[in-house]
Amino acid sequence: MQSRGFKMALVQMKMQREKAKNVLKAHKMISEAAEAGADVIVLPEAFTCNYSKFPILENAEPIDDYETNEEATAARMLSEAAKEHSVYIIGGSIAERRDDGKIYNSSPCFDKEGNLALKYTKCHLFDVEIPEKDIKIKESDFYEFGDNFGIFETEYCKFGIGICYDARFPDFSQVLCREMGAEFLVMPAVFTAPTGEMHWDILRKTRALDNQAFFAFCSAARPIEDPTLHQCYGHSSIVDPWGKVICDSGHEETIVYSDIDMTIVEECRSQIPCYSQRRHDLYKLDKVT
Ligand SMILES: NC(=O)CCC(=O)C(=O)O
């Protein structure tokens with residue numbers, strides 16, 4: 001019988017320039033969350049290296065052969081921590097160097113035995129310029145585009161994984177939920193502080209509501225003392241399928257916990273039956289792959 005209740009922990013860590021320090025801190029915070037009873041632990045986007053060009057290029061590492069490749073320090077730490085504490089880990093994201101020498105923004109997810117159960121690679125890269133907010137980021141200058149969808153299957157539910165900017169694309173989340181069966185969307189993120197101020201709250205509620213699913217953003221913390229590094233919005237949080245924010249961390253370094261009852265998804269979908277009342281005869285999702 002599938003268990004539908006679990007505790008989720010969102011690790012809102014503050015990153016620094018040195019990868020080794022970030023990996024060590026992530027390990028410490030994962031252990032703390034596991035000792036507090038978390039079953040599923042989530043890390044932020046780019047947790048190994050902050051989110052700006054030079055730390056990413058310096059700190060990229062392989063993921064796939066994490067068991068044998070000396071360089072795969074972050075993925076190996078996640079695998080060992082998942083096994084040690086018997087927890088699921090949605091490993092934020094790591095700057096991944098593949099055999100072709102190119103760098104990808106990839107989220108490795110580990111099961112309770114420490115196996116790499118999913119690697120999702122960010123497919124919407126944040127190439128955005130808003131002069132009034134002093135924002136100019138071209139993520140595709142340093143990352144390649146991914147092209148897979150990420151479903152992480154557990155005994156609690158199917159998690160649909162996205163990374164940060166992916167949250168702005170409604171069809172992406174709908175494919176994960178309606179076509180692939182996700183009931184809980186999890187998006188490691190490092191929104192810029194100004195765009196977070198404008199859109200974080202609207203987006204987290206909208207993606208939960210339009211899919212009648214749980215939605216979690218797991219962000220890094222701020223302020224970051226090194227002015228050359230990315231200052232993100234914070235506010236790691238979970239929204240339930242009714243659109244209610246059930247936890248929100250603020251912006252400081254912390255771990256935020258929530259006890260999740262997945263039966264709320266069935267309850268919401270049966271009481272407001274958008275799933276069954278959809279007019280498939282008039283429109284459909286245009287999923288290419
Ligand atoms: N890391 C990102 O994808 C940033 C996304 C962001 O800030 C946004 O407003 O969207």
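If you read the sequence from its start, that first residue is 1, and numbering goes on from there. Keep in mind that what you see is a predicted model, and the values were worked out from it rather than measured. Values below: all heavy atoms of this structure, side chains included; hydrogens, waters and symmetry mates excluded. Counting convention: from 1, in listed order, for ligands and their atoms alike.
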query: Against heavy atoms of Thr195, which atoms of ligand 1 measure under 4.0 Å?
result: 6 (C), 7 (O), 8 (C), 9 (O)
query: What are the atoms of ligand 1, with element, lying closer than 4.0 Å to any heavy atom of Tyr51?
result: 1 (N), 2 (C)
- prompt: Of Tyr233, Phe126, Tyr165, which has the heavy atom at the shortest distance from atom 6 (C) of ligand 1?
  reply: Phe126
Quick one: nearest non-hydrogen protein atom to [atom], plus distance?
{"atom": "atom 7 (O) of ligand 1", "value": "Thr192 N, 2.9 Å"}
{"atom": "atom 10 (O) of ligand 1", "value": "Arg168 NE, 2.7 Å"}
{"atom": "atom 2 (C) of ligand 1", "value": "Cys164 SG, 3.0 Å"}
{"atom": "atom 1 (N) of ligand 1", "value": "Glu45 OE1, 3.0 Å"}
{"atom": "atom 3 (O) of ligand 1", "value": "Lys122 NZ, 2.8 Å"}

Side chains of [X] and [Y]: do they bring a donor and an acceptor to under 3.5 Å?
{"X": "Ser249", "Y": "Gln12", "answer": "yes"}
{"X": "Asp127", "Y": "Ser140", "answer": "yes"}
{"X": "Glu71", "Y": "Tyr66", "answer": "no"}

query: Under the 6.0 Å and 45° cation-pi test, does Arg269 pair with Tyr275?
result: yes
message: Taking the six-membered ring for Trp, are Phe6 and Tyr156 closer than 6.0 Å centroid to centroid?
response: yes
- request: Have a look at Phe110 and tell me which of Leu118, Leu116, Asn115 forms a side-chain contact (heavy atoms from CB on, under 4.5 Å) with it.
  value: Leu116
